[in-house]
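Numbering of ligands and ligand atoms starts at 1, following listing order.
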Amino acid sequence: MLIGLFSIFLTSSAQAESLHVLNWWSSASEHAAVDVIAARLLQEDIDWNEVLIPSGSGVAAMIVLKSRVIAGEAPEVAQLNGTIIGDWANLGLLQNLDTVADIGKWDKLLFPAIYSWTRPHGHAVVAPLGIHRVNTLLYNTKIFDRLKLAPPQNWDDLVRIATLLQNAGIPALAQSTEPWQISTLFESLVLAESGAPFYMDIFVNKDPKAYADVRFAQALQRLRTLKKWMQKPIKEQNWTQVTHQFANGEAAMMVMGDWAKGELNSWGLVTDTDFGCTAVPDTGNYHLFDIDTLAMFVSNSPNNRHILAQQKLASIVVSPGVQNDYNQIKGSISVLRNPDLSRMDSCARASWSIFSRGASVQVPSFTHRMATDETSRDTIINELHKFFMDDDITVEETQRRFVLIANILRKSK
Ligand code: GAL
């Protein structure tokens with residue numbers, strides 16, 4: 001009998017559950033944030049088996065995910081952000097998480113926007129981790145103090161500050177030529193131009209008239225103007241390298257989602273002491289959001305073997321303790337309506353209070369997959385990249401191309 005029990009124990013521990021989790025979080029803060037979840041998961045005897053595909057904004061990770069699914073080797077879990085969640089769910093590839101959502105009272109505890117985001121077709125299919133604010137401007141407090149500068153509130157402030165910085169020999173903006181990083185900056189410029197309705201016409205509705213509009217021309221022109229004030233040469237670097245340049249004072253400001261704040265914190269830099277955080281000029285009334293979510297893939301294994309572990313992970317991700325710890329490290333804010341505000345720095349608090357205002361201020365990040373399908377996203381980013389790289393391409397020419405593209409994208413729907 002004893003031997004029997006012993007062997008059952010051995011068998012069950014030898015079969016300890018393990019979940020492959022495909023993600024693109026390779027930086028120090030991203031790792032540390034993931035560790036919070038992995039440690040909690042391990043308490044349930046479940047291993048977080050990392051499948052790391054480093055790639056800012058997940059470009060390569062999404063390609064690998066597709067090939068793995070096609071090859072019949074879907075990971076049990078994947079970081080799957082944005083509109084594509086609905087597409088995978090349509091294919092019947094995502095586990096239904098309704099039970100976890102019901103037991104966990106997601107309808108009551110999550111922000112309404114997050115709750116709907118988890119259920120593209122009326123059923124929960126992803127577990128939400130955190131909310132990033134993409135229209136974030138970070139500034140070097142030492143440089144700003146030395147030159148007696150206040151953070152820019154609008155475009156005119158930005159021009160004045162950038163000119164002063166230029167005279168002092170300091171590039172205003174740290175920036176990379178990576179397509180998604182150019183696009184991350186540009187989407188804030190579009191939002192700054194004329195608010196949410198115009199932004200939605202460009203990135204969600206892809207209205208050809210909006211691309212022909214003078215406001216779109218102005219946003220392109222501003223991108224080009226900002227280029228003058230970036231460090232030279234502007235290199236193709238990943239976002240952590242750019243954040244390093246900013247941290248070293250090689251540029252006075254940086255526009256990047258607040259994951260860059262999490263990263264600075266993880267290197268020992270303190271918010272409001274070593275750097276400040278504010279909204280990109282003229283976007284202070286908006287929250288350009290990017291929601292990180294984990295999807296659980298239906299596995300090929302017999303009896304849907306991983307479902308219990310996947311459900312466990314989903315409920316852990318949304319639990320208050322993990323939410324507070326994870327988001328504090330990641331630089332994002334909790335998906336819960338009532339997080340521990342005492343754990344938030346001024347940057348997170350500003351993000352939280354604006355997001356809490358609801359739908360009228362919440363704007364989906366185009367670059368981070370919240371606004372449109374993958375094909376539209378990639379095509380638009382590609383065109384923007386060309387414009388940014390080649391100063392000989394005029395604004396008018398680019399607008400014309402965008403109008404053409406918008407017409408094609410609309411027809412192919
Ligand atoms: C975003 C993602 C963030 C962070 C960032 C940089 O798309 O939501 O969590 O990883 O990319 O890669």
Shell of residues surrounding ligand 1, defined by a 4.0 angstrom heavy-atom cut-off that is strict: Trp24, Trp25, Glu30, Gly56, Ser57, Asn81, His132, Trp239, Trp259, Asp290, Asp292, Lys330, His368
Donor-acceptor under 3.5 Å (Gln153 side chain, Pro281 main chain): no
Cation-pi geometry met for Lys261 and Phe275 (6.0 Å, 45°): no
No-hydrogen, no-angle side-chain donor-acceptor test under 3.5 Å, Gln95 and Asn304: yes
Under 3.5 Å side-chain donor-acceptor pair for Ser29 and Ser266: no
Salt-bridge contact Glu383-Lys386 (side-chain N to carboxylate O under 4.0 Å): yes
OG on Ser332 to CD1 on Ile131, rounded to 0.5 Å: 8.5 Å
